[in-house]
Amino acid sequence: MMRKVVIAAGVLAASTVVASAATLDTVKSRGTLVCGVSAGFAGFSAPDSQGNYKGLDVDYCRALAAGVLGDPNKVRYVSLTAQNRFTALQSGEIDVLYRNSTQTYLRGVTLGLRQGPINFYDGQGFVVKKDLGVKELKDLKGATVCVAQGTTHEVTLGDYGRANGIDWKPLVFDRIDTMYQTFFGGRCDAMTQDASALAGAVTTAAPNPADYVVLSQTISKEPLGPFTRNGDEVWSDIITWLHYGLIEAEELGVTQANVDEMAKSQTPAIQRLLGASGDLGSRLGLDNKWLVTAIKATGNYGEIYERNVGKASTLKLDRGLNGLWSKGGLMYALPFK
């Protein structure tokens, strides 16, 4: 009886390994990563004037393609709405979802999807015209508020209003671009979204950005990160350790410019990160130097942040919670050992 149980367990383990490497094998065979992103989220994923996608989430797609396929340009971007993003992943239309998606309890246990590490800590905020004279949220009693359908913002807006006696009137949109046009066209008194998205909207969509202000108060925690499919363990692990690798690189001073030189370092932590020792990449079905290729493509997390949403970008966001743990933030990499 015991022998039968052991054999059955062995067969199950073998089948799980095969199943868990499904997406990795598909991506390698196809030669292209299919990445689900947003069509118009400034700083995170949006096409430029030549139609090339740029942003923090896009850089994660590029780093992943570099690490897995050896080329950051081997990515096909699929533009998704808040309504169809999870369905696209569930159906296999995309390999990974990098689309400023909040991680929650219900999304974690009901969608058949795995939530990856948080790559941006955000909060739900509000933007108003300065001449409205709004200083705090209680000043928005009776106000019409633009909000996107199928998002955590829609739910939180109702929850916060009921809990605090604010009878605002939601105006719900299924498309972000339509919501922006409506708000900046003057039909809503306020618009609510992730604070980072609001900063981007004011910068890129407002007729005169100086006329608007993003209120300092936020009403929720919005931890954003990637999603993969349940049961695809190897692929999910790659997405997880890519993020940790980018964080670890920043902490160890490994940058896009110096990664080749740092690969010769005698520091054990750097050797393990960059594949000079430890044989870590092969345990994920990748080259041991996969993170060298990824960092060479996009830089470390700090470089990705600053270029797309930080002080070197049009959004000019502070690092805040997205700083390294050693500098007062929440970004923390598990050890590479």
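Placement of M191 and F44 in two distinct hydrophobic clusters is found when ILVMFWY residues are connected by side-chain heavy-atom separations under 4.5 Å, directly or transitively. Taken together through direct or relayed side-chain contacts under 4.5 Å among Ile, Leu, Val, Met, Phe, Trp and Tyr, L198 and W168 form parts of separate hydrophobic clusters. Under the 4.5 Å side-chain heavy-atom criterion for Ile, Leu, Val, Met, Phe, Trp and Tyr, F126 and L171 are members of distinct hydrophobic clusters. Criterion: ILVMFWY side-chain heavy atoms under 4.5 Å apart, direct or through other members. Under it, V202 and V128 are not part of a common hydrophobic cluster. Under a hydrophobic-cluster definition in which Ile, Leu, Val, Met, Phe, Trp and Tyr are linked whenever side-chain heavy atoms come within less than 4.5 Å, directly or via other members, L315 and L321 are assigned to the same cluster.
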Using distance only, find each side-chain donor-acceptor pair of residues 68-76 under 3.5 Å and give its atom names and separation, not counting sequence neighbours.
residue	atom	partner	partner atom	Å
D71	OD1	N73	N	2.9
N73	OD1	R62	NH1	3.1

When the side chains of residues 28-41 are checked against the rest of the protein, which donor-acceptor pairs come out under 3.5 Å, sequence neighbours left out?
residue	atom	partner	partner atom	Å
K28	NZ	G285	O	2.5
R30	NH1	T32	O	2.8
R30	NH1	D95	OD2	2.7
R30	NH2	D95	OD1	3.2
S38	OG	G40	N	3.2

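Considering all non-hydrogen atoms of both residues, G299 and L246 come closest at O-CD2, 3.5 Å. Taking each heavy atom of I166 and L137 in turn, the nearest pair found is CD1-O, 3.8 Å. Minimum interatomic distance between W290 and I238 (heavy atoms only, all atoms of both residues): CH2-O, 3.8 Å. The two residues K130 and Y212 have their closest heavy-atom pair at CE-O, 3.4 Å. Across all non-hydrogen atoms, the minimal contact from P223 to I118 is CB-CD1, 3.5 Å. The shortest non-hydrogen separation linking A294 to A63 is CB-O, 3.5 Å.
When only modelled atom types and interatomic distance are considered, S220 and E222 share a side-chain donor-acceptor pair under 3.5 Å. Side-chain atoms of N308 and D59 include a donor-acceptor pair closer than 3.5 Å. In the model, S326 has no side-chain atom that pairs as donor or acceptor with a side-chain atom of E251 under 3.5 Å. Side chain to side chain, D279 and S282 meet the donor-acceptor criterion of an N or O pair below 3.5 Å.
Contact check for K141 versus D167: side-chain heavy atoms found under the 4.5 Å cut-off. In this structure the side chain of N230 reaches within 4.5 angstrom of the side chain of R114, judged on heavy atoms. You'll find the side chain of L97 stays beyond 4.5 Å of the side chain of L113, heavy atoms only. Side-chain contact between Y305 and E250 is absent, with no heavy atoms from C-beta onward closer than 4.5 Å. Considering only heavy atoms from C-beta on, N164 stays 4.5 Å or farther from K138 through its side chain. With a 4.5 Å cut-off on side-chain heavy atoms, Q193 and I176 count as touching. Using a 4.5 Å heavy-atom cutoff, the side chains of V27 and L64 are not in contact. Within the 4.5 Å cutoff, the side chain of F227 has no heavy atoms near those of the I239 side chain.
Judged purely by atom type and a 3.5 angstrom limit, K129 has no side-chain atom pairing as donor or acceptor with the backbone of D211. Listed for the D318 side chain is no donor-acceptor partner under 3.5 Å among the backbone atoms of G320. Looking only at distances, no side-chain donor or acceptor of R319 sits under 3.5 Å from a matching main-chain atom of G329. Checking side-chain atoms of E248 against main-chain N and O of P335 turns up no donor-acceptor pair under 3.5 Å. With hydrogens and angles ignored, the 3.5 Å screen pairs a side-chain donor or acceptor of Q115 with a backbone N or O of T104. Side-chain N or O atoms of S91 include one that pairs as donor or acceptor with a backbone N or O of A88 at under 3.5 Å. The main-chain N or O of S45 is never found under 3.5 Å from a side-chain atom of N100 such that the two would form a donor-acceptor pair. Judged purely by atom type and a 3.5 angstrom limit, T228 has no side-chain atom pairing as donor or acceptor with the backbone of S236. Judged by distance alone, with hydrogens and angles left aside, the side-chain atoms of R283 form no donor-acceptor pair with the main-chain N or O of L280 at under 3.5 Å. Put simply, the side chain of Y301 gets close to the backbone of N119: a donor and an acceptor are under 3.5 Å apart.
No salt bridge links D260 with K289; every basic N to acidic carboxylate O contact stays at or beyond 4.0 Å.
Annotation: the span from I304 atom CD1 to L56 atom CG amounts to 6.5 Å, rounded to 0.5 Å. A distance of 7.5 Å separates CE of M262 from CG of L274, quoted to the nearest 0.5 Å. Of the inter-residue distances, the one linking S313 atom OG with E306 atom CD reads 8.0 Å to the nearest 0.5 angstrom. Here the CG-NZ distance, from L317 to K311, works out to 7.5 Å after rounding to the nearest 0.5 Å. A distance of 13.5 Å separates CG of N288 from CZ of R272, quoted to the nearest 0.5 Å. A distance of 5.0 Å separates CD1 in I219 from OG1 in T192, rounded to the nearest 0.5 Å.
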Can you list the steps and then say if L291 with L242 is a side chain to side chain contact (heavy atoms under 4.5 Å, CB included)?
CA-CA 7 Å; L291 282 171; L242 170 66; 4.2 Å; yes
Side chain to side chain contact (heavy atoms under 4.5 Å, CB included) between T204 and Y180, worked out
CA-CA 10 Å; T204 62; Y180 288 170; 5.8 Å; no
Please report the C-alpha distance between R229 and Q90 in whole Å, then the side-chain angles of each, then the deciding distance to 0.1 Å, and finally whether the side chain to side chain contact (heavy atoms under 4.5 Å, CB included) criterion is met.
CA-CA 7 Å; R229 287 178 286 273; Q90 291 163 336; 5.9 Å; no
Let me see the working for F183 and F173 under ring-ring contact (aromatic ring centres under 6.0 Å, His included), right down to the final yes or no.
CA-CA 11 Å; F183 172 70; F173 297 85; over 10 Å; no
Stepwise side chain to side chain contact (heavy atoms under 4.5 Å, CB included) test for M331 and H243
CA-CA 10 Å; M331 287 300 172; H243 173 70; 4.0 Å; yes
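Identified under the disulfide bond (SG atoms under 2.5 Å apart) test for residues 82-178, with sequence neighbours left out: C146-C188. Residue pairs meeting the side chain to side chain donor-acceptor pair (under 3.5 Å) criterion with at least one partner in residues 46-57, sequence neighbours excluded, do not occur; the list is empty.
Other residues, nucleotides and ligands contribute only 12 or fewer heavy atoms inside 6.0 Å of the NZ atom of K327. Other residues, nucleotides and ligands contribute only 12 or fewer heavy atoms inside 6.0 Å of the NZ atom of K135.
Grouped with W325 in one hydrophobic cluster are Y332, the linkage being side-chain heavy-atom contacts under 4.5 Å among Ile, Leu, Val, Met, Phe, Trp and Tyr residues.
The distance between the ring centers of F336 and Y244 does not fall below 6.0 angstrom.
Contacts of E261 classified as side-chain contact (heavy atoms from CB on, under 4.5 Å), with partners at least two apart in sequence or in another chain: K264.
Between Y60 and Y98, the ring-plane angle classifies as tilted under the 30° and 60° cut-offs.
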